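Numbers restart at 1 for each chain; the letters A, B, ... are given by sequence-line order, proteins then strands. Every value quoted in this text rests on a predicted model; they were computed, and no experiment measured them.
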Amino acid sequence: MRNVEVAWVFQELADLLELKGEEFFKIRAYKNASRILAGLEEPLEDIWKSGRLEKIPGIGRNIAAKVAEILSTGRLKKHEELLKEVPLGLLDIMSLPGIGPKKAGMIYERLGVFSLDGLARAAKEGRVRDLPGMSGKSEKEIIRYIELKKDRGGRVLLAMARDLFMELSDYIKMLPGVVRVEVGGSVRRWQETVGDIDLVAAASDPQSVFDAVATHPRVREVVEKDQSRARFQTYWGITVDLEVVPEEAFVPALFFCTGSHAHLRRLQSFLAGKGANLDPASIANVCREPLGDEREVYASIGLPYIPPELREDRGEVEAASEHRLPDLLELGDIKGDLHIHTSWSDGLCTIEQVVARARQKGYEYIAVTDHSQSLKIAKGLSLNRLKEQHHEVMSLNKKLDNFRVFTGIEVDILPKGGLDCPDNILKEVDLVVASVHSAFRQDSETMTARIISAVENKNVDIIGHLTGRLITRREGYALDLERVLEAAASCDTILEINSSPARLDLNDVNARMAKEKGLKVAINTDAHDLKRMDEMVYGVAVARRAWLETEDVVNTLSAGALVKYLKDK
DNA sequence: GCCGTTTTCGGCCCGACTGTTTTCAGTCG
């Protein structure tokens with residue numbers, strides 16, 4: 001069992017207990033454990049077998065025993081008992097904005113409703129408004145959010161899909177007769193959410209590959225299967241489509257499978273203009289070399305290679321034909337991470353641990369940006385603690401060769417527009433990230449003015465996760481993005497591409513708009529543990545999808561150049 | 001639930017906002 005799967009059990013356990021009205025601290029302990037387990041890099045199986053579970057901070061005797069139970073039996077008795085008591089659908093209801101455990105419980109008790117469909121029906125029939133604390137307005141909101149959720153229809157975060165695809169493709173690569181495996185579709189194009197995973201493999205005997213995949217521990221069942229394709233349902237709720245082709249057909253298959261449909265249509269009409277066709281047979285003809293790559297496909301169309309991230313029909317075909325495709329940023333261009341949390345606030349690791357990991361990654365610098373004083377729940381730093389932390393950073397810097405830790409802060413942009421830290425202190429901080437963490441439901445005018453006031457503050461270097469969205473969970477706040485971008489452009493304020501897979505904020509479209517307005521971005525992880533420092537790759541993918549080049553991204557600068565840039569801007 | 005001891009139980013948890021009320025419970029980060 002994977003660590004993350006064990007973590008899911010504890011998250012669900014916590015949610016179920018919340019519905020039951022269990023004690024706050026117990027629930028928090030389970031939620032904490034879930035987060036800690038998901039962030040562990042060493043397989044839990046190894047930790048368990050060597051008797052070190054209880055040595056993990058936050059994992060005590062009880063939770064360690066439960067982890068052991070899950071690892072040895074594949075299930076947890078307490079979890080299964082709760083599932084018999086509390087309908088699982090109530091967790092979906094609880095995931096709607098404005099509905100927590102109390103309201104979900106009341107909906108179940110008073111209306112007998114325990115699914116989103118049932119709740120939507122009840123809301124439409126006007127049966128929700130009579131409940132305490134509810135009104136016609138709440139009914140409308142409920143209906144709206146449920147429809148929104150339906151539109152998203154089972155899509156999952158890219159990071160989860162990538163995790164699964166990598167495990168499966170590593171497995172398939174090892175199978176006898178398999179020459180090559182790649183992922184196509186939206187995963188290869190690094191779209192922020194994924195409907196299903198499309199894999200292409202080159203092998204001589206498709207059926208034996210399908211049979212082997214069917215026995216993989218993540219695979220629940222074979223949904224359908226023919227000569228060269230099979231569809232699998234996984235325990236993670238993601239469907240996997242696997243196409244197995246002969247070696248010589250691999251590259252064309254990957255090309256068509258990668259899409260997008262819109263990109264392929266655009267290529268088709270480009271070719272039609274030249275009296276040619278984009279059909280698989282003619283593409284196959286140009287790819288005789290079995291281990292060739294897609295460059296040959298594009299060359300045969302008369303175009304330079306177009307990276308998968310650009311294949312969205314956003315002008316890439318025209319740009320390619322005019323030889324003005326961007327020289328896309330790459331992960332290796334990133335020289336540091338400018339938004340990281342440590343155990344000083346709500347992160348899990350010390351500054352030293354973060355620095356060690358950053359150095360392993362080949363970074364030249366990081367900024368330690370813990371939360372500011374108002375964000376109590378995240379242990380936001382009082383002004384004194386902030387000062388203490390900055391002393392620690394400065395003395396650490398004296399010991400470090402060829403690496404720089406910037407003092408920093410992620411300062412809250414307060415509801416009325418001020419910052420949660422006095423200017424005279426911000427002025428002394430190397431790097432200031434300003435972000436919104438409260439009062440999300442302000443109207444667009446208020447929120448826009450609020451953020452612009454931070455943009456205009458001379459001490460603010462970067463605006464963190466500008467729109468505040470949480471993919472598949474929460475829409476961004478009401479905001480006049482155009483105005484914010486213009487204000488940022490005139491103040492030289494940097495905008496963040498937050499790499500956290502649930503944020504990706506700015507997104508590709510907004511980041512491209514920022515570039516067009518002459519803005520610089522910083523690609524940061526906002527990591528709260530070492531593992532999440534690896535998420536930089538997702539931010540870089542957003543930047544690539546936004547056509548960004550190294551010069552657009554400030555954390556591609558060397559430490560010295562970055563300091564100069566921040567000073568001069 | 002975990003933690004840290006003063007080793008056997010008390011502390012951990014916070015404030016703003018929202019919507020529906022009219023004084024506050026529930027939600028959220």
Side-chain angles (χ1 to χ4, degrees), chain A residues 7 9-37 53-67 69 76 78-79 82 93-107 128-142 145 341 343 345-348 370-382 410-418 420 435-443 446-447 450 464-465 468-470 473-478 498 500 502-503 505 526 528:
Chain A
V9 177
F10 284 98
Q11 180 60 50
E12 200 164 287
L13 196 60
D15 292 340
L16 291 166
L17 288 173
E18 208 169 8
L19 270 165
K20 277 198 69 186
E22 183 62 79
E23 191 203 345
F24 169 84
F25 294 103
K26 190 188 280 193
I27 294 165
R28 195 182 61 175
Y30 284 133
K31 283 187 180 169
N32 240 341
S34 177
R35 178 170 160 237
I36 291 162
L37 297 176
L53 280 176
E54 277 186 63
K55 293 216 165 63
I56 304 167
I59 307 299
R61 206 158 52 105
N62 280 295
I63 291 182
K66 287 186 172 65
V67 171
E69 186 187 337
L76 182 66
K78 184 177 172 113
H79 179 231
L82 273 171
I93 290 179
M94 212 168 81
S95 75
L96 297 172
I99 299 195
K102 296 275 162 58
K103 285 190 178 163
M106 177 180 68
I107 286 166
V128 174
R129 67 184 66 186
D130 298 330
L131 299 174
M134 296 288 197
S135 67
K137 193 177 162 193
S138 348
E139 279 178 345
K140 280 203 190 100
E141 286 285 276
I142 285 171
Y145 282 121
H341 296 272
S343 46
S345 68
D346 60 346
L348 295 178
D370 278 307
H371 290 290
S372 58
Q373 51 191 345
S374 287
L375 211 59
K376 306 277 185 204
I377 194 163
K379 289 200 293 176
L381 267 52
S382 67
E410 182 181 21
V411 62
D412 262 44
I413 306 174
L414 299 168
K416 293 202 170 105
D420 188 29
S435 318
V436 167
H437 290 112
S438 60
F440 291 154
R441 296 206 198 175
Q442 289 178 332
D443 61 75
T446 312
M447 186 60 90
R450 173 181 177 187
H465 45 74
R469 69 163 178 172
L470 290 178
R473 299 213 320 262
R474 182 176 82 201
E475 296 173 286
Y477 5 92
N498 189 297
S500 176
R503 289 194 183 270
D505 185 9
D526 195 0
H528 287 66

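Nearest to the side chain of A/Lys26, among B/dC17, B/dG1, B/dG19, sits B/dG1. The side chain of A/Pro415 lies closest to B/dA16, out of B/dG19, B/dG1, B/dA16.
B/dC9 sits 37 Å from B/dA16 when the P atoms are compared, rounded to a whole Å. Rounded to a whole angstrom, the distance from the C1' atom of B/dT23 to that of B/dG29 is 24 Å. Comparing the P positions of B/dC12 and B/dT5 gives a spacing of 15 Å, expressed to the nearest Å.
A residue-by-residue look at A/Glu141 and A/Lys102 shows that A/Glu141 has its nearest nucleotide of DNA chain B further toward the 5' end. Along DNA chain B, the nucleotide closest to A/Gly133 and the one closest to A/Leu470 are compared, and the more 5′ of them pairs with A/Gly133.
Applying the 6.0 Å contact sphere to CZ of A/Arg474 captures more than 12 heavy atoms from other residues, nucleotides or ligands.
Under the 4.5 Å side-chain criterion, counting only non-hydrogen atoms from C-beta, A/Arg61 is not in contact with A/Ile59.
Here A/Ile99 lies in heavy-atom contact (under 4.0 Å) with sugar-phosphate atoms only. Residue A/Lys31 is classed as having no contact, given no heavy-atom separation below 4.0 Å to the nucleic acid. Looking at heavy-atom distances under 4.0 Å, A/Ile377 makes contact with a base. Across all strands, A/Ile59 comes closer than 4.0 Å only to sugar-phosphate atoms, never to a base (heavy-atom distances). Counting any heavy atom pair closer than 4.0 Å across all strands shown, A/Arg474 reaches sugar-phosphate atoms only and no base atom. Nucleic acid contact class of A/Lys78 (heavy atoms, under 4.0 Å, all strands): sugar-phosphate only. A/Lys376 comes within 4.0 angstrom of sugar-phosphate atoms only, judged by non-hydrogen atoms across all strands, and of no base. Residue A/Pro132 is classed as having no contact, given no heavy-atom separation below 4.0 Å to the nucleic acid. When heavy atoms are screened at a 4.0 angstrom cut-off, A/Leu96 is found touching the sugar-phosphate backbone but no base atom. Contact annotation for A/Ser374: no contact, since no heavy-atom pair falls under 4.0 Å across all strands. Among the heavy atoms of the strands lying under 4.0 Å from A/Glu23 is at least one base atom, whether or not backbone atoms are also near. Counting any heavy atom pair closer than 4.0 Å across all strands shown, A/Arg28 reaches a base atom. Across all strands shown, A/Phe25 has heavy atoms under 4.0 Å from base atoms, whether or not it also approaches the sugar-phosphate.
In this structure, the separation between NZ on A/Lys102 and CE on A/Met94 is 11.5 Å, given to the nearest 0.5 Å.
Taking the 5.5 Å centre cut-off and the 30° plane limit, the aromatic side chain of A/Phe24 is classed as stacked on B/dC13.
The aromatic rings of A/His465 and A/His437 sit perpendicular, their planes meeting at an angle over 60°, well past the 30° parallel limit.
Side-chain atoms of A/Ser374 and A/Asp420 form a donor-acceptor pair, as typed in the model, at a separation below 3.5 Å.
Summarising the base pairing, B/dT18 is matched to B/dA25 through a Watson-Crick or G-U wobble pair whose two defining distances lie under 3.5 Å.
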